[in-house]
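What follows is one structure encoded as structure tokens, with my remarks underneath.
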Amino acid sequence: MIFSWRHKRANRRRQARKNEALEGNCDLELTIPKHFQCPISLDLMKDPVTLSTGITYDRENIERWIEAGNQTCPVTNQALKSFDQIPNHSIRRMIQDWCVDNKSYGVERIPTPRTPITPYEVSEVSSKIVAATTRKDGNKCQELVGKIRNLAKESERNKKRVVENGVGYVLSSSFETFAGDSMEKHEVLLKEILSALTWMFPLGIEGQSKLGSSASLRCIAWFLHGEDLSTRQHAVIVLKELLANSLDHQISDGLIEIEGISEALFKILEVPIGPTATKASLMVTYYMLQSEKSEKLASRFVEMGLVSLVLEILVDGEKRTSEKALGVLEAICNWEEGREKACSNALTMPLLVKKILRVSEMGTEFAVSTLSKLCKEVEDENPVIEALEVGAFQKLLVVLQVGCGENTKEKITELLKLMNLYKNRLDCFDSLSGFKYIQRPY
């Protein structure tokens, strides 16, 4: 019994000494050797490469330096004869050994970087996709698209190289071909292409034309109605990028003609998939409402309750989402039905005034433009009076003091003149009747 007690006490003492040693190690500040630090960031190099001047840098940092337009070595300031970056395997192995030796300090071993994909490899895969598309070999094409996606996942460098070598156009062309052949038959392949296209914009004029064709748009709209949430998100993101990079309203006009597109976009807003999908859906809706053929679309959106839904998004939406929601509200107020619906909602004026100068410069422009449409183009005087009640007059004066664009400034000036007339009438009425005009603090 005595031996057992002494043995336990000795173990406790040894453990206490170990704990003290570990605590002492944690208190020490670990210094990274200078030859392991990137001269640009002074951080531990993860993928050391050597330039023609003989200086070693972390690949990510030196690539960013060169992409910024610099043509000299950051350390020596010598002109670079070549932009080739040679992997420094010796330094990388030494760094990995150092990481292992200092594991007790919480340093993790850096992984061995993969060799970046070459333009030749990208072109080779692209050629095979073109050949498989020509044969309408969906299985082979799906395998190659999967290879492209896997290469891009390895690093941002690979992803950039894929985009630079025109893979976006190749995939857009393939998407159009297989969508025109049979959406149901090639559903899995089309989903794979759609997922890859989300990060390949801009596609160029030819790529835009392929993805903006009737067959492609109908396929994308078909995916918007599906049950797969990730595919619906990819579809609305592709539509957003497609419309944002479009030089005219041809793609918007093509979308408007597709039956059920308004319901699909409305559903994404009503039952959100995520913030990214919500913002993309708002932008697609905004671009479509800018089309000259959007009168029926706007009427359909009003019937579904888009105005009320957008106002709900504005109540607690973050700034970027609110900016896009204000844009949709401003666009739908181009139509009489939209203005009437907005005026009938008690949230409209308070939210518009509240969002001025609280979202962004563009958000303020949208809010002012919407106020102008509601106050000037609605025959009823209630919108002007309600705007005054929620402090629009004072808020617009602040916008003029802060500064804004000429177009916005002109609208504010006209609004202030109109509001001033009603304000004088209200003040006169107050003095005659004894009724006190109360402003709500928004």
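The figures that follow rest on heavy atoms only: side chains count, while hydrogens, waters and symmetry mates do not. Please read these numbers as outputs of a predicted model, since none were measured by experiment.
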Close side-chain approach of [X] to [Y], heavy-atom, < 4.5 Å:
X: V162; Y: M200; result: yes
X: K160; Y: E67; result: yes
X: L297; Y: T285; result: no
X: Q208; Y: F201; result: yes
X: F366; Y: Y286; result: yes
X: Q71; Y: F83; result: yes
X: L44; Y: D58; result: no
X: T348; Y: K341; result: no

>> Tell me which one of I258, V284, V236 satisfies side chain to side chain contact (heavy atoms under 4.5 Å, CB included) with L224.
In response: V236
> What residue among H225, K267, E227 forms side chain to side chain contact (heavy atoms under 4.5 Å, CB included) with R232?
Replying inline: K267
Between [X] and [Y], do the side chains contain an N or O donor and an N or O acceptor separated by less than 3.5 Å?
X: S369; Y: K411; answer: yes
X: T53; Y: Q78; answer: no
X: T177; Y: T133; answer: no
X: T370; Y: E330; answer: no
X: E318; Y: T321; answer: yes
X: S291; Y: S252; answer: no
X: D228; Y: S230; answer: yes

Is the backbone of [Y] close enough, under 3.5 Å, to the side chain of [X] for a donor and an acceptor to pair up by distance?
X: S195; Y: E192; answer: no
X: S172; Y: G168; answer: yes
X: K373; Y: R339; answer: no
X: N345; Y: L347; answer: yes
X: S209; Y: E206; answer: yes
X: E323; Y: S360; answer: no
X: S281; Y: A277; answer: no
X: E340; Y: E337; answer: no
X: K319; Y: V359; answer: no
X: N158; Y: E154; answer: no

Is it true that atom [atom1] of [X] has more than 12 heavy atoms of other residues, nucleotides or ligands lying nearer than 6.0 Å?
X: E336; atom1: CD; answer: no
X: Q250; atom1: CD; answer: no
X: R320; atom1: CZ; answer: no
X: L397; atom1: CG; answer: yes
X: K159; atom1: NZ; answer: yes
X: E295; atom1: CD; answer: no
X: Q96; atom1: CD; answer: yes
X: E108; atom1: CD; answer: no

Once rounded to the nearest 0.5 Å, what's the spacing between atom [atom1] of [X] and atom [atom2] of [Y]?
X: Q401; Y: L357; atom1: CD; atom2: CG; value: 10.5 Å
X: L329; Y: L351; atom1: CG; atom2: CG; value: 9.0 Å
X: D84; Y: L51; atom1: CG; atom2: CG; value: 9.5 Å
X: K293; Y: L255; atom1: NZ; atom2: CG; value: 12.0 Å
X: L211; Y: L217; atom1: CG; atom2: CG; value: 7.0 Å
X: L265; Y: E270; atom1: CG; atom2: CD; value: 12.5 Å

>> Let's go through E361 and T364 carefully: what are the C-alpha distance in whole Å and the side-chain angles of both, what is the deciding distance for side chain to side chain donor-acceptor pair (under 3.5 Å) to 0.1 Å, and is it a yes or a no?
In response: CA-CA 5 Å; E361 185 177 344; T364 297; over 6 Å; no
Salt bridge present between [X] and [Y] (N-O < 4.0 angstrom):
X: K140; Y: E143; result: yes
X: D47; Y: R157; result: yes
X: R64; Y: E60; result: yes

>> side-chain contact (heavy atoms from CB on, under 4.5 Å), that's the test. Do F178 and C141 meet it? Break it down for me.
In response: CA-CA 10 Å; F178 286 106; C141 195; 3.9 Å; yes
> Given the rule in the side chain to side chain donor-acceptor pair (under 3.5 Å) test, do S52 and S82 qualify, once you have shown the distances and angles that lead to the verdict?
Replying inline: CA-CA 6 Å; S52 57; S82 169; 5.9 Å; no
> Can you say whether the rings of F175 and F223 are parallel (under 30°), tilted (30 to 60°) or perpendicular (over 60°)?
Replying inline: tilted
>> side-chain contact (heavy atoms from CB on, under 4.5 Å), that's the test. Do K296 and S262 meet it? Break it down for me.
In response: CA-CA 11 Å; K296 290 183 179 178; S262 55; over 6 Å; no
> Does the side-chain contact (heavy atoms from CB on, under 4.5 Å) test come out yes or no for N382 and C343, once each step is laid out?
Replying inline: CA-CA 8 Å; N382 286 337; C343 287; over 6 Å; no
> Does the side chain to side chain donor-acceptor pair (under 3.5 Å) test come out yes or no for E176 and S216, once each step is laid out?
Replying inline: CA-CA 5 Å; E176 181 190 34; S216 296; 5.1 Å; no
What heavy-atom pair brings [X] and [Y] nearest, and what distance separates the two atoms?
X: V107; Y: W98; value: CG1-CZ3, 4.1 Å
X: Y57; Y: P74; value: OH-CD, 3.1 Å
X: C219; Y: L190; value: SG-CD1, 3.7 Å

>> Working note: I332 + V307, criterion side-chain contact (heavy atoms from CB on, under 4.5 Å); need CA distance, chi angles, decisive distance, verdict.
In response: CA-CA 8 Å; I332 207 163; V307 172; 4.1 Å; yes
